Amino acid sequence: MILLSVDNLEVQYGASQALFGVSFTVAEGEVVALMGRNGMGKTTTIHAINRMVPAMGGSITFDGHDLLRLPSFRAARLGLGLVPEGRRCFAPLTVHENLIASARPGHWDFARIVDLFPRLGERRDQKAASLSGGEQQMLAIARALMTNPRLLLLDEATEGLAPVVRQEIWAAIAVLKRESGLAIVVVDKALKELNKIADRAVIIERGKSVWTGEPAGLTADLADRYLGV
Ligand code: ATP
């Protein structure tokens, strides 16, 4: 079943238009990668889904609800779990307090989070501000999971992290896919990892979705033309 459907989405920042028609769907349990070079509109797409920027055209449907007609707090309650770029956590709160602050009833609770990210258990009473970048990223993912979402939106979850920590994050995302059946939209530049984990890829070029398919179908020519690799 289709959980999220983005159709012909258009977004404008003041006088400058950033999205000119982004369309894609995410089925339940599916991992979809949003790809494209810097500044092409991936984060704007994620922000529009989360109602952080207004859409000026197109539609976004989540679990049968027209998201653009709902107030954003109601949209969030439908089960969108955002892991924002820049891994925002409450710096003065401890790991445990951060997690409790976002908790909603469901599968994910503190014990399950610690199974997924044992380091967060070890740092339970440490302030978020004192965590390493990788630990803060784990906490940002964990905070989104604690809301017990139906769709997890990961915006640049491995950006700026050391290779070994990146691997830990990718391993956790693989566990989520395998064991929780959560639908995931992931924005990242790590082609190799996305190829392994994504069921489908969507390429965004200058604010438009220009290609959708299985990652295996991403030929060297397409990667060169749209991703600059
Ligand atoms: P990156 O990988 O660099 O994060 P992206 O594909 O996520 O890139 P966006 O951040 O969505 O791209 O940016 C799309 C376009 O919208 C760019 O031209 C960018 O400069 C512009 N833009 C993004 N945020 C704003 C904003 N708050 N105000 C004005 N323009 C913006």
Side-chain angles (χ1 to χ4, degrees), residues 4-26 30-62 67-68 72 75-76 80-89 133-134 136-137 140-141 143-144 149 151-163 165-166 169-170 173 183-213 215 218 221-229:
L4 175 76
S5 176
V6 175
D7 190 36
N8 238 339
L9 181 64
E10 293 183 43
V11 170
Q12 195 157 340
Y13 292 109
S16 94
Q17 191 163 346
L19 300 188
F20 296 86
V22 168
S23 303
F24 65 96
T25 58
V26 183
E30 192 178 32
V31 178
V32 173
L34 290 189
M35 298 172 145
R37 282 190 290 253
N38 286 347
M40 291 300 166
K42 305 177 298 292
T43 294
T44 301
T45 301
I46 298 282
H47 284 181
I49 295 167
N50 279 281
R51 307 289 315 280
M52 294 156 74
V53 296
M56 55 174 280
S59 68
I60 307 176
T61 310
F62 181 72
L67 276 196
L68 300 181
S72 48
L80 295 167
L82 173 66
V83 182
E85 202 173 9
R87 52 190 97 109
R88 278 170 228 123
C89 302
Q136 286 187 23
Q137 186 62 70
I141 296 172
R143 274 174 48 80
L151 175 70
L152 189 66
L153 299 142
L154 288 163
D155 194 1
E156 307 266 17
T158 66
E159 179 87 355
L161 299 177
V165 185
R166 281 180 190 209
I169 303 275
W170 284 116
I173 298 171
I184 304 177
V185 173
V186 51
V187 174
D188 209 283
K189 297 196 177 65
L191 260 186
K192 202 175 117 204
E193 306 300 337
L194 289 176
N195 281 347
K196 276 193 247 165
I197 207 159
D199 299 302
R200 265 174 332 115
V202 177
I203 297 181
I204 300 184
E205 166 84 355
R206 292 173 208 234
K208 278 189 185 167
S209 43
V210 292
W211 185 86
T212 301
L218 250 177
D221 178 47
L222 282 168
D224 178 53
R225 184 160 15 134
Y226 294 124
L227 309 176
V229 291

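Quantities reported herein were computed from a predicted structural model and do not represent experimental measurements. Counting starts at 1 for both ligands and their atoms, in listed order.
Closest to atom 2 (O) of ligand 1, if we only count protein heavy atoms, is Lys42 NZ, 3.1 Å. Nearest protein heavy-atom contact of atom 30 (N) of ligand 1 is Tyr13 CD1, 3.3 Å. Of all protein heavy atoms, the one lying nearest to atom 8 (O) of ligand 1 is Gly39 N, 2.6 Å.
Contacts between Arg37 and ligand 1 below 4.0 angstrom, taking non-hydrogen atoms only, involve the backbone exclusively.
Heavy-atom distances between Ser16 and ligand 1 stay at or above 4.0 Å for every pair. Ligand 1 has Gly41 within reach: a non-hydrogen atom of the residue lies less than 4.0 Å from it.
Residues Leu82 and Ala144 approach most closely at O-CB, 3.7 Å, considering heavy atoms. Nearest heavy-atom pair, Pro215 versus Leu194, reported as atom, atom and distance to 0.1 Å: CG-O, 4.5 Å.
Set against the non-hydrogen atoms of Thr44, the atoms of ligand 1 under 4.0 Å away are 9 (P), 11 (O), 13 (O), 14 (C). Ligand-side atoms of ligand 1 in range of Ala18: 15 (C), 16 (O), range being under 4.0 angstrom from any heavy atom. Distances below 4.0 Å separate heavy atoms of Thr43 from the following atoms of ligand 1: 4 (O), 5 (P), 7 (O), 10 (O), 11 (O). Atoms of ligand 1 lying under 4.0 Å from any heavy atom of Met40, numbered from 1 in the order shown and given with element: 5 (P), 6 (O), 12 (O). Residue-ligand proximity, Lys189 to ligand 1, at heavy-atom distances under 4.0 Å covers atoms 2 (O). Distances below 4.0 Å separate heavy atoms of Glu85 from the following atoms of ligand 1: 4 (O).
Counting protein heavy atoms under 4.0 angstrom from atom 28 (N) of ligand 1 gives one or more. For atom 19 (C) of ligand 1, the nearest protein heavy atom lies 4.0 Å or farther away.
Looking at Asn50, its side chain never comes within 3.5 Å of a backbone N or O of Met52 through a donor-acceptor pair. At distances below 3.5 Å, at least one donor-acceptor pair connects side-chain atoms of Lys42 with backbone N or O atoms of Arg37.
Between Val83 and Gln137, some side-chain heavy-atom pair lies under the 4.5 Å cut-off. In this structure, Val187 and Thr45 have side chains that are not in contact, with every pair of non-hydrogen atoms separated by 4.5 Å or more.
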(request) In sequence, state the C-alpha distance, the side-chain angles, and the governing distance for Val186 and Trp170, and then conclude on side-chain contact (heavy atoms from CB on, under 4.5 Å). (result) CA-CA 11 Å; Val186 51; Trp170 284 116; 4.2 Å; yes
(message) Please evaluate residues Thr158 and Lys189 with respect to the criterion side-chain contact (heavy atoms from CB on, under 4.5 Å), reporting the C-alpha separation (whole Å), side-chain torsions for both, the decisive distance (0.1 Å), and the verdict.
(response) CA-CA 9 Å; Thr158 66; Lys189 297 196 177 65; over 6 Å; no
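Rounding to the nearest 0.5 angstrom, the gap separating the CG atom in Leu67 from the OG1 atom in Thr61 is 7.0 Å.
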